[in-house]
Chemist: 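I am attaching a structure below and will ask some questions about it afterwards.
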Amino acid sequence: QSTYDETAHARIVAKRYGTDHHEYKLSHDEIIHAIPDILSHLGEPVGDSSIIPTSLVSRFAAQDVKVVLSGDGGDELFGGYWRYLGHSAITFYHNIPAPIRRLLIEPPMRMMGSSKTGTLANRVRQFRKFLRADRDSPIARHLAWSRIMSPEAEKLLWLQDEGNRLDRNLVTFANVLTQSMDVGDTLNRILSFDLQYSLSADMLQKVDLASMTHSLEARVPFLDPTVVAAASALPSRWKIDRGRRKHLLIKAYESELPSSILHRNKMGFEVPVGEYLRGPLRELFFDVVSKKALERFALLNHDGVRAVFDHHLKRKGEHADLLFAILSLCWSELHRS
């Protein structure tokens, strides 16, 4: 699928630098058949479905090399994620008269189909996520945008009060973690939180698990202490300028990379897990995520999970990230006992 295929861009960079370029195009069947093995080798639950392509590309690279370079850290240091733009966008959105927002814009967005495949359906998904974070505190907004659980899924899975309590605890933790940052530069505080927390707890952990499964070592040049210290000291306006993310990096590499690479839309490193759950992974999901398995976790219930899955299946919402996390959790518990 073109939504996930970056081979053409990789070829351009390989040609520019004359590197020894290798490509391996996976079929959907190959990806789906690899998922049980990937989950089994993790040894612990991983809620990020990009563990799948990361593991597959590690397996491919390990055929020829023992050490690879990863770009992890670039987004957190230089403002690469779309949610970093959301703080200015929410202010702009609030300038639209409330009746227009609540009566003309938001109702159709809640009714339309949502998924990561298809331009319109993905825009609907992003807009719903955008509305989820209509909060006063920038840190609270950022954490709401970062969540894999939507409000409609939360209502099905646990008591609202419990979700609110966890939200408050995480906001408090994030404020403590970033309290030494310049309070006048809110975006840098948010970048600092992602660098210290989500990068280490998710991205780096995921890459380490996936690469070491195939005896491959992944190194991260952006996280050299000198680079981190220098980037963290810069004002955020150098990182995001008039809506352009990673502004400083783009300026630095203008003479090194073609414009088609520097200015193309950001793509996540993903496979279409949401579509797989609606099709070939559906049976596996319910074999693993059984009532017995879910009863071991106090915050989850079988009827709620089935309701979220049905919501996802009918494209009323995009819950692939949450459903994959539940699958990984139950898989790990199933194979531990």
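Everything numeric in this text was worked out from a predicted model, so none of it was measured.
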Chemist: Ring of Tyr93, cation from Arg101 - is the NZ or CZ under 6.0 Å from the centre and inside 45° of the axis?
Modeler: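 Yes, cation above the ring, under 6.0 Å and within 45°.
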Chemist: Is it true that Asn188 and Ser236 share a donor-acceptor pair across their side chains at a distance under 3.5 Å?
Modeler: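 No, because no side-chain N or O of Ser236 sits under 3.5 Å from a partner of the opposite role on Asn188.
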Chemist: Suppose the criterion is ring pair (Phe, Tyr, Trp, His ring centres under 6.0 Å): which pairs have a residue in residues 230-266, not counting sequence neighbours?
Modeler: none
Chemist: Hey, what do you get for CG (Asp321) to CG (Asp48), rounding to the nearest 0.5 Å?
Modeler: 7.5 Å
Chemist: Is the shortest distance from a Lys or Arg side-chain nitrogen in Asp75 or Arg83 to a carboxylate oxygen in the other one below 4.0 Å?
Modeler: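 Salt bridge: no.
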Chemist: What I want to find out is whether Arg282 reaches Glu275 closely enough, with some N-O distance under 4.0 Å, to be called a salt bridge.
Modeler: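 No, no charged N to carboxylate O under 4.0 Å.
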Chemist: Going by the angle between their ring planes, with limits at 30° and 60°, are His22 and Phe60 parallel, tilted or perpendicular?
Modeler: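 The arrangement is perpendicular - the two ring planes meet at more than 60°.
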Chemist: Are Leu248 and Leu195 connected into the same hydrophobic cluster when the rule is that any two of I, L, V, M, F, W, Y join if their side-chain heavy atoms are below 4.5 Å apart?
Modeler: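 Same cluster.
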Chemist: In Å and rounded to the nearest 0.5 Å, what is the OG1 to CG distance from Thr54 to Leu209?
Modeler: 10.5 Å
Chemist: Could you pull out all residues at least two apart from Tyr197 that satisfy ring-ring contact (aromatic ring centres under 6.0 Å, His included)?
Modeler: Phe173, Phe193
Chemist: Scan side-chain atoms only and decide if Ser70 and Asp72 contain a donor-acceptor pair under the 3.5 Å cut-off.
Modeler: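 Their side chains do contain a donor-acceptor pair, which is all the 3.5 Å distance test asks for.
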Chemist: Can you give me every donor-acceptor pair (side chain of residues 285-292, partner residue at least two apart or in another chain, under 3.5 Å) with its distance?
Modeler:
residue : atom : partner : partner atom : Å
Ser290  : OG   : Ala293  : N            : 3.2

Chemist: Would Ile261 end up clustered with Phe78 when hydrophobic side chains under 4.5 Å apart are linked, directly or stepwise?
Modeler: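 Same cluster.
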Chemist: Measure the CD1-CG distance between Ile190 and Asp194 for me, rounded to the nearest 0.5 Å.
Modeler: 8.0 Å
